Amino acid sequence: MLFSVLSTAAMALSILAPTVAAVPTPGPQKGNTGLTKLAARMPKSALPAPDGLQLKFVGLGIGTQNYTCKPGNDTAEPGTTGAVAKLYDLGTRLNTDPLADWKISTISGLALNMYDYPAVLNGLLWSQGYQQVLGDHFFTITVPTFYLNKVNATPKPLAFVKKNLGVDAPKSACPGIKGEGAIQWLHLIDNGNSQGGVNTVYRLETAGGAKPKTCKGMPEHWEVPYAAQYWVYGPAA
Ligand SMILES: *[C@@H]1O[C@H](CO)[C@@H](O)[C@H](O)[C@H]1NC(C)=O
Ligand SMILES: *[C@@H]1O[C@H](CO)[C@@H](O)[C@H](O)[C@H]1NC(C)=O
């Protein structure tokens with residue numbers, strides 16, 4: 001495993017053209033018109049289109065999906081208690097990258113594959129200029145939250161969302177470190193409390209993170225590592 005991850009990493013580092021340079025703090029800066037070029041490359045799915053909205057950020061989320069089971073009921077479905085992920089800025093670099101389509105479809109699985117090797121993962125992020133953190137994804141009680149507190153903006157973009165629609169990840173999705181399966185792609189919409197110019201989040205290009213169908217053989221709570229891309233939209237600035 002270590003060998004295959006390291007050779008995958010070495011391959012990634014040598015194949016992907018190194019693009020390291022001074023990385024600006026993620027926008028929106030003055031005159032920001034959104035990630036216009038990247039918006040046209042949003043991965044296709046059956047989720048509703050972001051009509052009339054502007055693509056503001058694309059974050060690579062790397063973290064865990066958390067699940068629970070009540071002991072002693074093998075037929076019960078596991079509950080979802082939340083998720084925690086660090087969001088790395090993919091959008092700034094991908095917006096002008098001629099290889100964007102290819103990188104969009106591969107980076108989630110590649111990053112998840114390095115989950116247990118943080119130094120290797122960091123090397124991948126730095127080699128591509130994705131090391132800048134946008135902020136965090138977590139749950140506020142039961143509300144999925146995206147707090148982009150590292151973004152250069154006042155107020156900081158903060159999305160409190162609810163699920164509008166989910167569709168199964170494509171068969172080609174990375175199934176996760178232990179083959180758990182890839183979590184659904186989601187269309188998440190503002191629950192009325194978002195601020196900072198963001199109101200819609202798509203969870204796309206998921207890798208890993210899924211829960212089993214039943215609680216059979218599962219502990220009371222556990223975490224499943226995952227990676228996903230969060231495409232964050234809002235009204236045009
Ligand atoms: C086990 O879970 C199933 C599905 O949620 C439920 O219908 C059933 O009542 C539960 N059984 C017990 C003993 O709690
Ligand atoms: C989810 O798991 C992570 C990693 O163990 C933990 O830090 C976090 O507090 C958990 N969150 C919830 C809501 O259970």
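Source: prediction; values computed, not measured. Note that ligands are numbered from 1 as they come in the structure, with each ligand's atoms numbered from 1 the same way.
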N or O pair under 3.5 Å between Asn73 and ligand 1: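 Yes; at least one N/O pair falls below 3.5 Å.
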Please tabulate, for the side chains in residues 163-183, all donor-acceptor contacts under 3.5 angstrom to protein atoms that are two or more places apart in sequence or on a different chain.
| from | atom 1 | to | atom 2 | distance (Å) |
| --- | --- | --- | --- | --- |
| Asn164 | ND2 | His187 | ND1 | 2.9 |
| Asp168 | OD1 | Gln184 | NE2 | 3.0 |
| Glu180 | OE1 | Lys178 | N | 3.1 |

Looking only at the aromatic ring of each residue, does the gap between the centers of His137 and Tyr230 stay below 6.0 angstrom?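 Yes, they do, as the ring centres are separated by less than 6.0 Å.
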For Val58 and Leu134, which heavy atoms make the closest approach, and how far apart are they?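 So the two residues come closest at O-CD1, 4.0 Å.
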How would you list, by chain and number, the residues with a heavy atom under 4.0 angstrom from ligand 2?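 Within the 4.0 Å shell of ligand 2, which is judged on heavy atoms, sit Thr64, Asn66, Thr81, Val84, Glu223.
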Review item, side-chain donor-acceptor pairs of residues 73-82, under 3.5 Å, at least two apart:
| from | atom 1 | to | atom 2 | distance (Å) |
| --- | --- | --- | --- | --- |
| Asn73 | OD1 | Thr75 | N | 3.2 |
| Asn73 | OD1 | Thr75 | OG1 | 3.0 |
| Asn73 | OD1 | Ala76 | N | 3.3 |
| Glu77 | OE2 | Lys211 | NZ | 3.3 |
| Thr81 | OG1 | Asn66 | O | 3.3 |

Walk me through whether Tyr202 and Tyr233 qualify under ring pair (Phe, Tyr, Trp, His ring centres under 6.0 Å). CA-CA 8 Å; Tyr202 290 83; Tyr233 288 79; 5.5 Å; yes
Hey, could you give me each pair passing disulfide bond (SG atoms under 2.5 Å apart) that has a residue in residues 78-167? Not counting sequence neighbours.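 Residue pairs passing disulfide bond (SG atoms under 2.5 Å apart), neighbours aside: none found.
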